[in-house]
Participant: 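The structure follows.
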Amino acid sequence: MAVLRVRVTPRASKNEAVGLREGLLVVRLTAPPVEGAANRACQEFLAGFLGLKRAQVRLRGGEKSREKTFDLDGLNDEELVQLLSRLVKA
């Protein structure tokens, strides 16, 4: 199981990963940070972005923070680094 740290910007114009900054994947989401909507949107975005099922992406920490930690079943840390280096432009 891999662990991914994410910095989320809610209420963006589109859902996208914009790069890596200080060990965090920076993600912009259209969802507002209300009643867990941004958390659910982030989970769904990461699953699609990383080629995982939604159930394989679990929020571990940061439920009410812009910085979140997700557990990723089906990937180890080395596979995650390789995948992110291919998918992220920055």
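Counting begins at 1 with the first residue of the sequence.
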Participant: Are Leu24 and Leu80 joined in one hydrophobic group, where the rule is that I, L, V, M, F, W and Y side chains link up if heavy atoms are under 4.5 Å apart?
Facilitator: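 No.
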
Participant: Check side chain to side chain donor-acceptor pair (under 3.5 Å) between Arg66 and all other residues, then give those that pass, not counting sequence neighbours.
Facilitator: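 Arg66: no side chain to side chain donor-acceptor pair (under 3.5 Å) contacts found.
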
Participant: Provide the full list of side-chain hydrogen bond (donor to acceptor under 3.5 Å, both in side chains) pairs with a residue in residues 38-48, sequence neighbours left out, each pair given once.
Facilitator: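 Only Asn39-Lys68, Gln43-Arg54 qualify under side-chain hydrogen bond (donor to acceptor under 3.5 Å, both in side chains).
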
Participant: Should Val26 and Leu20 be marked as a side-chain contact (heavy atoms from CB on, under 4.5 Å) after you check the CA-CA gap, both sets of side-chain angles, and the distance that decides it?
Facilitator: CA-CA 6 Å; Val26 180; Leu20 294 168; over 6 Å; no

Participant: For the hydrophobic clusters of this structure (ILVMFWY residues joined by side-chain heavy atoms under 4.5 Å, transitively), does one cluster hold both Leu87 and Phe70?
Facilitator: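 Yes, same cluster.
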
Participant: What pairs of residues pass the ring pair (Phe, Tyr, Trp, His ring centres under 6.0 Å) test when at least one of them lies in residues 3-41, not counting sequence neighbours?
Facilitator: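 Ring pair (Phe, Tyr, Trp, His ring centres under 6.0 Å) check on residues 3-41 returns no pairs.
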
Participant: Please assess Leu46 against Leu52 for the test side-chain contact (heavy atoms from CB on, under 4.5 Å), listing each intermediate value before the final yes or no.
Facilitator: CA-CA 8 Å; Leu46 290 174; Leu52 299 171; over 6 Å; no

Participant: Ignoring hydrogens, what is the shortest heavy-atom contact between Val8 and Cys42? Give both atom names and the distance.
Facilitator: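 In this case the closest contact between Val8 and Cys42 is CG2-SG, 3.8 Å.
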
Participant: Mind listing the side-chain donor-acceptor pairs of residues 9-18 below 3.5 Å, one per line with the distance, residues two or more places apart or on another chain?
Facilitator:
unit_1: Asn15; atom_1: OD1; unit_2: Thr30; atom_2: N; d: 2.7
unit_1: Asn15; atom_1: OD1; unit_2: Thr30; atom_2: OG1; d: 3.4
unit_1: Glu16; atom_1: OE2; unit_2: Arg28; atom_2: NH1; d: 3.3

Participant: Apply the side-chain hydrogen bond (donor to acceptor under 3.5 Å, both in side chains) test between Asp73 and each candidate in Lys53, Arg58, Gln56; give the one that qualifies.
Facilitator: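 Single side-chain hydrogen bond (donor to acceptor under 3.5 Å, both in side chains) partner of Asp73 among Lys53, Arg58, Gln56: Arg58.
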
Participant: Going by the ring pair (Phe, Tyr, Trp, His ring centres under 6.0 Å) test, which pairs reach into residues 22-67, not counting sequence neighbours?
Facilitator: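 Every pair satisfying ring pair (Phe, Tyr, Trp, His ring centres under 6.0 Å) with a residue in residues 22-67: Phe45-Phe49.
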
Participant: Which atoms form the tightest heavy-atom contact between Ala37 and Ala31, and what is the distance?
Facilitator: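 Ala37 and Ala31 have their closest heavy atoms at O-CB, 3.8 Å.
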
Participant: Nearest 0.5 Å, please: how far is CD in Gln82 from CG in Asn76?
Facilitator: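 That separation rounds to 8.0 Å.
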
Participant: To the closest 0.5 Å, what do you measure between CG (Leu4) and CG (Leu75)?
Facilitator: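 Taking CG in Leu4 and CG in Leu75, the distance rounds to 9.5 Å.
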
Participant: Under 4.5 Å between side-chain heavy atoms, counting indirect links through other Ile/Leu/Val/Met/Phe/Trp/Tyr residues: same cluster for Leu59 and Met1 or not?
Facilitator: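 No, because Leu59 and Met1 fall into different hydrophobic clusters, even though each may have its own neighbours under 4.5 Å.
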
Participant: Under the salt bridge (Lys or Arg N to Asp or Glu O under 4.0 Å) test, which residues partner Asp77, sequence neighbours left out?
Facilitator: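 Salt bridge (Lys or Arg N to Asp or Glu O under 4.0 Å) list for Asp77, sorted by chain: empty.
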
Participant: Check Arg5 against Glu22 and note the closest heavy-atom contact, atom names and distance.
Facilitator: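 Looks like NH1-O, 4.3 Å.
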
